[in-house]
Amino acid sequence: MPRYNPATVEAKWQRYWAEHRTFAAPRMPEGRKLYVLDMFPYPSGDGLHVGHPEGYTATDIVCRYQRMRGASVMHPMGWDAFGLPAEQHAKRTGTSPRETTEKNIDNFRRQLQMLGFSYDWDRELATTDVEYFRWTQHIFLVLLDTWYDADEQRGRPIAELPIPEEIAEDEEAVRRYQDDHRLAYQIEAPVNWCPELGTVLANEEVVGGLSERGGYPVVRIPLRQWMLRITAYADRLEKDLESLAWAESIKLLQRNWIGRSVGAEVDFFIGLTPDEDGKPDMKQYRGWLRDRELGGYPRKPEEDVLRIYTTRPDTLFGATYMVVAPEHPFVQRLMQPEQAAAVKAYCEKAARKSDLDRTDLAKEKTGVFTGSYAINPVNGEPIPIWVADYVLISYGTGAIMAVPGHDTRDYEFAEKFGLAIVPVVDPGGAEEVSRDQVLAGKAAFTGQGTAINSGAYDGLATDDFKQLITDDLAARGLGRAAVNYKLRDWLFSRQHFWGEPFPILHELDAEGNLTGLVRAIPPDELPVDLPAEMKFDASHASPEPPLEAAPADWLYVTIDGKRYKRETNTMPQWAGSCWYYLRFLDPKNSDALVDPEIEKAWMPVDLYVGGAEHAVLHLLYARFWHKVLYDRGYVSTPEPFQRLVNQGMILGEMEFSGYQDQAGAWVSASDVKINPAGQPICRNAHEVVTPRKVQPGEVEKKGESFVLKARPEIRVESRAYKMSKSRGNVVNPDEVVREYGADSLRLYEMFMGPLEAVKPWSMEGVNGVRGFLERVWRMIVDERSEQPALNAAVRDVEPTEEQNRMVHKTIKAVTADLDAMAFNTAIARMMEFTNFFLKEDVRPRSAMEKLVLLLSPYAPHIAEELWQLLGHEKTLAYEPWPEYDEAATRDNMVEIPVQIQGKLRSRIVVPAGADRAELEQAAKADPKVAELLAGKQIVKTVVVPGRTVNFVIR
RNA sequence: GGCCGAGUGGCGGAAUCGGUAGACGCACGGGACUUAAAAUCCCGUGGGCCGAUAGGCCCGUGCGGGUUCGAAUCCCGCCUCGGCUACCA
């Protein structure tokens, strides 16, 4: 047999697996089930990236291993195929997005198949398949048909929503009331419209009010949008994290994103008819207090109060002013004639800024006084109301009480505009702040302490105060305990063509205008496909969705004589990935999104692997949909993904870079810093410097850092960067496979380091594992023979005791590492095995077979080939995983370190089972130890059997 | 600013519960084979020092302290890098 040639071996076995449907999963699990899922990729035009196979190889190893351990394994793959690039390509070239998408999918499939992953390709699906998004649309209808019952903490059919008596007779009012409670609802929300590009942009695509691409102006204009009420599930999404086997850091990320906080709502009286000075009438105020005392705290605030949310009700006495967001509905009312012009101008300016710009922390606080006042309910003091964009309309009530003494943002604002600062919390001995400054109103203290300047509450600890004042406010009908979330409802529509159409019709009146009422397309009439004939303009002139230009026979529908217009927004890319794990179980079902019996048998996903970039949004959205489906009886588990592992990013090769000034002279990296514009500048000259790539041969290590060999005073940076086209450090898997083979690529990606770690790529490393595979090959195969033949050293003999120990040790270690997903160390153990047996002149066939089986999950092609050569006819994919004998792994003699005063002084070799007394005696008998102990007094002897002996002497 | 993670040879990394730091691989150096090169095989490889050799000593896991017979590992205080997040009241 010739030398190891991955190209032929890999093609051969890929063909074999496909022909024999080796990895087809059964409809229902047979025995122990295991559902292992990869985050399916977006099939971009660039093709596979070496980052993709990292997670895919890890899951493939787990699947192949578990099949050998008898598990019934579900391991599917598909495509998250909707996406903007295909649509932009269509605008440029006229090629339909479907065509582009299918071409990209074909390329991705080819690349994945070339890597030998054991997917059940019969289950392949794409979110763009009409038969798939039919069910995505179906789930949208479920969301539309569901309201959240806060008392029962679950989603229920809209038909079960209790209707208030006063509207029960009015059919249209009932419909609108229901619409207000559905999990899918419509609002007017601002979008980032870029007229120049003719497209609507996501928030992160807008920088400084300009488009990231091209730098064109972006305006925020309101458009009708679909929203999903994910906030209704915030509590459950947070609580149920506890039950999941995810990394704590990822759970924390989700918890922070949900951002639950506990505090209080408080109403501040503003009155309907303020006095000329903008202050509320005190008589009205007292009347209001009485009304509240009797009537209690209303669910929705009346027009004469400003409702705020705070997590620090204990600082109410320090509230010296209030702020409302520029979008707050009261702004119009609150601005007094004198301030009106300034307030209007401020609000208009704020409206033009994107959310991102508004939250740019580098900038100073801005705001304007409205001219109006509110009354602080704890002390009856009128306090001014300002408008400022540091208050967000989308959080809490869109208005705050400002406590500059105990909130850094309010403090900055009060400082800038000369507003009163009243300290109400004594920091006591708190370390982070100077108590004197806080008490003098010269610094903000945000921690907990003791109440001061707070009337009868003085002296209370922060937590007690919070509790007490919340109760008191509730008793007086002025406030109540409240919970808030950072999580916002999910903006679920996009102004794109290439997405799932909504199964929604808008009712038209006689003039052809929307009446505001919608009609859902019944589930049995799905799917709603995209129009087949569609022209794409390079740019269109309005932010309206492209489907507004769809052919009329698609756009307009008449039912029972009534005219309707289709919804022209489409769903966001997240939609399809919210439930694909369910469809994989039953991909061809035309009666249901998944057969309940099958769902019950396979769910939940036992292991889900993907990049940490999806740690928040994708996982949160999918969990949300899953919970709705759970509430509505479509799925049997409250959570979809039992265990989650995030693979770390693979960076480009290590690079050295130095800096040169404009004259071309080297500048030491230690003298370079980054200026606010993000450019590297020289610390001394304040001159912009240029990074230059330096070859590894030109640098050497000096102390802590690298320097130029020729100029040792010039420090250079050594670092690996994220792979990117612009940096030119992208590694293409096609090339790696062509040069080294798929098995080498797989093995290298697992050998680089722990799966979760961020790791730099190294082509030399790939070459290294290729060398390992060649050594394995030579260990078993006769390279010089023309015909396939075993190496003459491989014989049908019993292993020697030493060989047997190596075999069993290796099985034990590789199995344990695999269970811990510590693939890098498992590979190292197999290398040790190979290094050992290459030196053996006689290599028992049984030992070689064991190694081939251990290696097969990592490098399946070469393993199949060697397995066949060792005399087996069938695939090894379902061979039993090798067992080890614990007794056979134990060494007869072990080396034990002997320490004196904790310092290593000698090593003794003793029988493996030596007890304390034997160890101590052997240690004392060691000539070196005896010499060092001579004449000394042994104070203490520490003996850890199997580990160490330590003498403490005087 | 907040949160999370990480700092171990020239490089990627290993080290179970606190018990021989540097497994395994790369790179590098030396040697064998070869007309030669590649491939392959063998040997060496954290730093410093003593020694003719055999061998031995000291230092060493980002920095400074601490706990312990013993610390890469535990505790306290810093530094650096990376990721996520961004005025959430």
Side-chain angles (χ1 to χ4, degrees), chain A residues 3 247-250 252-253 255-257 259 261 263 308-312 315 323 355-356 358-361 363 365 388-392 394-397 399-403 406-410 412-413 446 484-488 612-613 615-616 648-649 651 653-654 696 699-701 704 706 718-720 722 748 751-754 756-769 771-772 774-775 778 783 816 820 822 824-832 835 838-839 895-904 906-907 928 939-942 944 946-953:
Chain A
R3 288 178 48 185
E248 261 332 294
S249 60
I250 298 291
L252 196 67
L253 227 50
R255 280 200 192 99
N256 290 346
W257 191 264
S261 72
I308 60 100
Y309 170 75
T310 178
T311 55
R312 292 295 301 268
T315 61
V323 184
D355 283 351
L356 236 68
R358 292 233 332 228
T359 58
D360 184 0
L361 258 186
K363 108 186 145 52
K365 297 251 177 318
D389 68 2
Y390 81 92
V391 170
L392 308 175
S394 49
Y395 184 76
T397 59
I400 63 156
M401 66 172 198
V403 186
H406 304 283
D407 182 290
T408 42
R409 298 153 298 181
D410 297 342
E412 280 173 34
F413 192 82
T446 57
N484 244 303
Y485 301 93
K486 280 200 234 176
L487 183 69
R488 310 290 153 81
E613 65 273 20
V616 175
M649 202 186 344
L651 306 173
E653 300 238 4
M654 277 274 291
V699 300
E700 63 185 352
K701 185 112 181 192
E704 289 287 275
F706 286 89
S718 83
R719 218 196 116 174
K722 206 167 164 171
Y748 173 65
F751 188 58
M752 290 170 88
E756 275 117 316
V758 177
K759 303 155 288 239
W761 186 265
S762 157
M763 247 355 151
E764 281 163 343
V766 186
N767 196 39
V769 295
F772 163 62
E774 299 205 18
R775 289 203 301 284
R778 279 198 301 274
E783 275 195 305
N824 54 332
T825 48
I827 294 166
R829 303 313 288 256
M830 292 188 277
M831 288 174 167
E832 286 180 281
N835 290 343
L838 272 171
K839 293 194 178 93
E895 191 189 70
I896 299 291
V898 181
Q899 300 174 342
I900 293 171
Q901 312 290 58
K903 292 201 176 215
L904 178 68
S906 185
R907 298 176 171 92
K928 238 198 104 180
V939 182
K940 187 176 175 185
T941 306
V942 182
V944 184
R947 286 289 184 193
T948 190
V949 179
N950 189 8
F951 296 103
V952 186
I953 58 172

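Worth knowing before you read on, the calculation uses all heavy atoms, side chains too, and leaves out hydrogens, waters and symmetry mates. To find a chain, count down the sequence lines: A is the first, B the second, and so on, and within it residues start at 1.
For A/T948, the side-chain atoms get nearest to B/G19 when compared with the rest of B/A14, B/G19, B/C87. Listed nucleotides: B/A14, B/C26, B/C87. Nearest to the side chain of A/D389: B/C87. Here the side chain of A/K839 is nearest to one of B/A14, B/C42, B/U20, namely B/C42. Considering only side-chain atoms of A/P897, the nucleotide from B/G19, B/U20, B/A14 that sits closest is B/U20. Checking B/C11, B/G19, B/A89 against every side-chain atom of A/F706, the shortest atom distance belongs to B/C11. Distance from the side chain of A/L252 is smallest for B/C3 among the nucleotides B/C87, B/A14, B/C3. The side chain of A/S249 sits closest to B/C4 out of B/A14, B/C87, B/C4. Here B/C57 is the nucleotide among B/C57, B/A14, B/A23 with the atom lying nearest to any side-chain atom of A/K928. In this structure, the nucleotide among B/A89, B/G13, B/G19 sitting nearest to the side chain of A/K759 is B/G13. The side chain of A/R947 sits closest to B/U16 out of B/U16, B/G82, B/A27.
The structure places OH of A/Y309 at 4.5 Å from CG of A/N484, a figure rounded to the nearest 0.5 Å.
If you measure from atom NZ of A/K903 to atom P of B/G70, you get 11 Å, rounded to the nearest angstrom. Distance A/L651 CG to B/C81 C1': 12 Å, rounded to the nearest Å. Separating the CZ atom of A/R775 from the C1' atom of B/A39 is a distance of 13 Å, rounded to the nearest angstrom. Distance CE (A/M831) to P (B/A23): 14 Å, rounded to an integer number of Å. A/E832 has its CD atom 10 Å from the P atom of B/A23, to the nearest Å. The distance between atom CG of A/L253 and atom P of B/G83, rounded to the nearest whole Å, is 15 Å. Between the C1' atom of B/A15 and the CZ atom of A/R829 lies a distance of 11 Å, rounded to the nearest Å. A/I827 has its CD1 atom 12 Å from the C1' atom of B/G13, to the nearest Å.
Base pairing of B/C17 is not made with any nucleotide, judged by Watson-Crick or G-U wobble geometry with both donor-acceptor distances under 3.5 Å. Pairing for B/G46 goes to B/C59, judged as Watson-Crick or G-U wobble with the two contacts each under 3.5 Å. The partner of B/G25, taking Watson-Crick or G-U wobble pairs whose two distances both stay under 3.5 Å, is B/C11. The base-pairing partner of B/G51, taking Watson-Crick or G-U wobble contacts with both distances under 3.5 Å, does not exist among the strands shown. Base pairing analysis places B/U40 opposite B/A32; the two distances defining the Watson-Crick or G-U wobble pair are each below 3.5 Å. The pairing partner recorded for B/A86 is none, the criterion being a Watson-Crick or G-U wobble arrangement whose two distances lie under 3.5 angstrom. As the counterpart of B/G5, B/C81 is assigned, both hydrogen-bonding distances of the Watson-Crick or G-U wobble pattern falling under 3.5 Å.
Annotation: B/C33 and B/G82 have their C1' atoms spaced 48 Å apart (nearest Å). Straight-line distance between the P atoms of B/G70 and B/C11: roughly 31 Å, to the nearest whole Å. Nucleotides B/A6 and B/C63 place their C1' atoms 16 Å apart, quoted to the nearest Å. Using C1' as the reference atom, B/A71 and B/G62 are 16 Å apart when rounded to the nearest Å. B/A72 and B/G19 have their P atoms separated by 10 Å, with the value rounded to a whole Å. Across the P atoms, B/A14 and B/G29 are found 27 Å apart, a figure rounded to whole Å. Across B/G46 and B/G10, the matching P atoms stand 10 Å from one another, rounded to whole Å. Taking atom P in both B/A15 and B/C3, one finds a spacing of 30 Å when rounded to whole Å.
Taking both residues in full, the closest heavy atoms of A/G946 and A/I896 are given as C-CD1, 3.5 Å, listed atom of the first, atom of the second, then distance. Taking all atoms of both residues into account, the shortest heavy-atom contact from A/K486 to A/W257 is CB-O, 3.7 Å.
Contacts of A/N835 with the nucleic acid, taken as non-hydrogen atoms under 4.0 Å apart, involve only primed sugar atoms and P, OP1 or OP2. Residue A/S261 is classed as a sugar-phosphate contact, given heavy-atom separations below 4.0 Å to backbone atoms only. Residue A/G396 is classed as having no contact, given no heavy-atom separation below 4.0 Å to the nucleic acid. If you check every strand for non-hydrogen atoms under 4.0 Å, A/I400 touches a base. Using a 4.0 Å heavy-atom criterion, one finds that A/E248 contacts no nucleic acid atom at all. Base contact: A/V944 has a heavy atom under 4.0 Å from a base atom. Residue contacts shown for A/N950 include a base, since a base heavy atom lies under 4.0 Å away. Across all strands, A/T310 comes closer than 4.0 Å only to sugar-phosphate atoms, never to a base (heavy-atom distances).
The side chain of A/R719 contributes an N or O atom lying less than 4.0 Å from OP1 or OP2 of B/G82.
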Collect all protein-nucleotide pairs involving nucleotides 47-49 of chain B in which both atoms are nitrogen or oxygen and the distance is under 3.5 Å.
none

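Heavy-atom nearest nucleotides on RNA chain B were determined for A/R907 and for A/F951, and the one closer to the 5' end corresponds to A/R907.
Applying the salt bridge (Lys or Arg N to Asp or Glu O under 4.0 Å) rule to A/R312 yields the partners A/D314; only residues at least two apart in sequence or on another chain are considered. With sequence neighbours excluded, the residues forming a side chain to side chain donor-acceptor pair (under 3.5 Å) with A/R488 are A/S394, listed by chain and number.
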* Check the pair A/V769, A/M831 against side chain to side chain contact (heavy atoms under 4.5 Å, CB included), reporting the backbone distance first and the verdict last. => CA-CA 9 Å; A/V769 295; A/M831 288 174 167; 4.3 Å; yes
* To do: Starting from the C-alpha separation in whole Å, work towards a yes-or-no answer on side chain to side chain contact (heavy atoms under 4.5 Å, CB included) for A/N767 and A/M763.
  => CA-CA 6 Å; A/N767 196 39; A/M763 247 355 151; over 6 Å; no
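Evaluated for a side chain to side chain contact (heavy atoms under 4.5 Å, CB included) with A/I400, the options A/D410, A/T310, A/D407 yield exactly one hit, A/D410.
A/K365 forms a cation-pi arrangement with A/Y390, by the criterion of a distance under 6.0 Å to the ring centre and an angle within 45° of the ring axis.
Counting atom types as modelled, A/E756 pairs no side-chain N or O with a base atom of B/G5 as donor and acceptor under 3.5 Å.
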